[in-house]
Amino acid sequence: MKRSIAAKALLVTGGLALGLLVSRPGTATETDDQKFAAYRNMLEQDNPGQFWVDEGKALFYKKGGPKNASLEQCDFGLGPGVLKGAYAHMPRYFKDTGQVQTLEGRLLTCMERLQGYTPKQIQEEVLKPHYTNADEENGTADNLTRLTAFVAAQSNGMPFDPPLNTPQEKYVYALGKYTFFRRMGKMDLSCADCHNVPGRTIRGVELPVMTDPQTAGRVMAAFPAYVLKDSNVRTFWWRNERCLLAMRLPWLMTGSEVDAALTVFQAIEAKKSGHPIKIPGIKPRA
Ligand code: HEC
């Protein structure tokens, strides 16, 4: 399995290099984003991210942990064991934890409650590899990302529609909006400074306007995504974490309230577009 992933990654990288070298005459005005879009369309049929989804599925149904149980009965908000459409309706409020949780956050809860992992074990055995993987440019894979990719893919074809009914959900949405527009850190930057201004670019890369529903829809519907630059699958948490890091802010803990807040805020923008979820996505950088 590993070897075939490596071979695929090589193919992908090779293809990418070729695509960049061979610039057709008469297309000088084609931007990098357009070139990548064409390349992405070609790759969609054979997305290496599918390996993460398949491995996530195997992990999901595998018995493990101190209670030797699988995650099959995990309740993602639509009832125990209901996976179809669950991700499209997250983050959401869970009575049993009293928290608004992201998919990753909820998976951690189920590992604790169904499989019997202690918070310390979760920290050491699940989050540590997850964070290490996120930190490295060319990390390999970690189980939480695999599981997230699998469960998220069960919402394919549906648009985002996280509930905003309970006071907790409304509060977390407001927190997300506040966090998005709030200037923070020693660079005095907000997410909005980079993602609320049409046409803004950094090093030739156009920054997505996450307050534009069409853009938010397209961006979010493709996370978790296979990122060509990293030969790795990246989740939406990871993306927000990378941007917070660029802002010189503290590490975004997976499943934390701020994680849920930033996700809900952007998912509500995505919802307005009705853009269907299509996972694994595929992105040149992200
Ligand atoms: C200094 C500018 C800057 C700030 C501030 C910033 N970002 Fe980003 N953001 C980027 C860049 C650069 C990318 C990568 C774009 C690419 O490579 O496609 C990016 C990518 C993203 C993406 C993924 C886009 C995609 O196409 O997949 C999301 C979502 C995002 N940022 C959200 C945020 C959030 C939320 C915040 C605040 C916590 C934030 N960003 C702060 C520069 C910034």
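Read the numbers this way: they start at 1 and go in the same order the structure lists the ligands and their atoms. Worth saying up front: this structure is predicted, and the values here are computed from it rather than measured. The chain is numbered in sequence order, starting from 1.
- When only non-hydrogen protein atoms are considered, atom 22 (C) of ligand 1 lies nearest to R239 CG, 3.2 Å.
- Near P208, with a cut-off below 4.0 Å to any heavy atom, the atoms of ligand 1 are 24 (C).
- In summary, the side chains of D142 and T145 do present a donor paired with an acceptor at a separation below 3.5 Å, with no hydrogens or angles considered.
- Counting only heavy atoms of the protein, atom 30 (C) of ligand 1 lies nearest to H195 NE2, 3.4 Å.
- Ion pairing of D96 with R113 is present here, as a side-chain N (NZ or NE/NH1/NH2) and a carboxylate O approach within less than 4.0 Å.
- Close contacts of ligand 1 with N240, meaning ligand atoms under 4.0 Å from a residue heavy atom, involve 32 (C), 34 (C), 35 (C).
- The distance from ligand 1 to the heavy atoms of V205 drops below 4.0 Å at these ligand atoms: 15 (C), 16 (C), 17 (O), 18 (O).
- With a 4.0 Å heavy-atom cut-off, ligand 1 is reached by no atom of M220.
- Checked against a 3.5 angstrom limit, the closest N/O atoms of K283 and ligand 1 fall inside it.
- Compare L252, L207, L245, V219 by their heavy atoms: the one nearest to atom 26 (O) of ligand 1 is in V219.
- The side-chain contact (heavy atoms from CB on, under 4.5 Å) test with Q266 singles out one residue from T211, V219, N240, and that residue is N240.
- Using a 4.0 Å cut-off to heavy atoms of L244, the atoms of ligand 1 that qualify are 38 (C).
- The pair E125-K128 fails the salt-bridge criterion, with no side-chain N (NZ, NE, NH1 or NH2) lying under 4.0 Å from an Asp/Glu carboxylate O.
- Counting heavy atoms closer than 4.0 Å to ligand 1, residue M210 contributes side-chain atoms (C-beta onward) but none from N, CA, C or O.
- The stretch residues 69-122 participates, sequence neighbours left out, in these disulfide bond (SG atoms under 2.5 Å apart) pairs: C74-C110.
- Looking at F180, W238, F223, F236, it is F236 that brings a heavy atom closest to atom 29 (C) of ligand 1.
- At a 4.0 Å heavy-atom cut-off, ligand 1 touches C191 through backbone and side chain alike.
- Numbered from 1 in the order shown, with element, the atoms of ligand 1 that lie under 4.0 Å from a heavy atom of M247 read 5 (C), 37 (C), 38 (C), 41 (C).
- The one candidate from V151, L59, V233 that meets the side-chain contact (heavy atoms from CB on, under 4.5 Å) condition with R146 is L59.
- Below 4.0 Å from some heavy atom of S190 lie the following atoms of ligand 1, by number and element: 5 (C).
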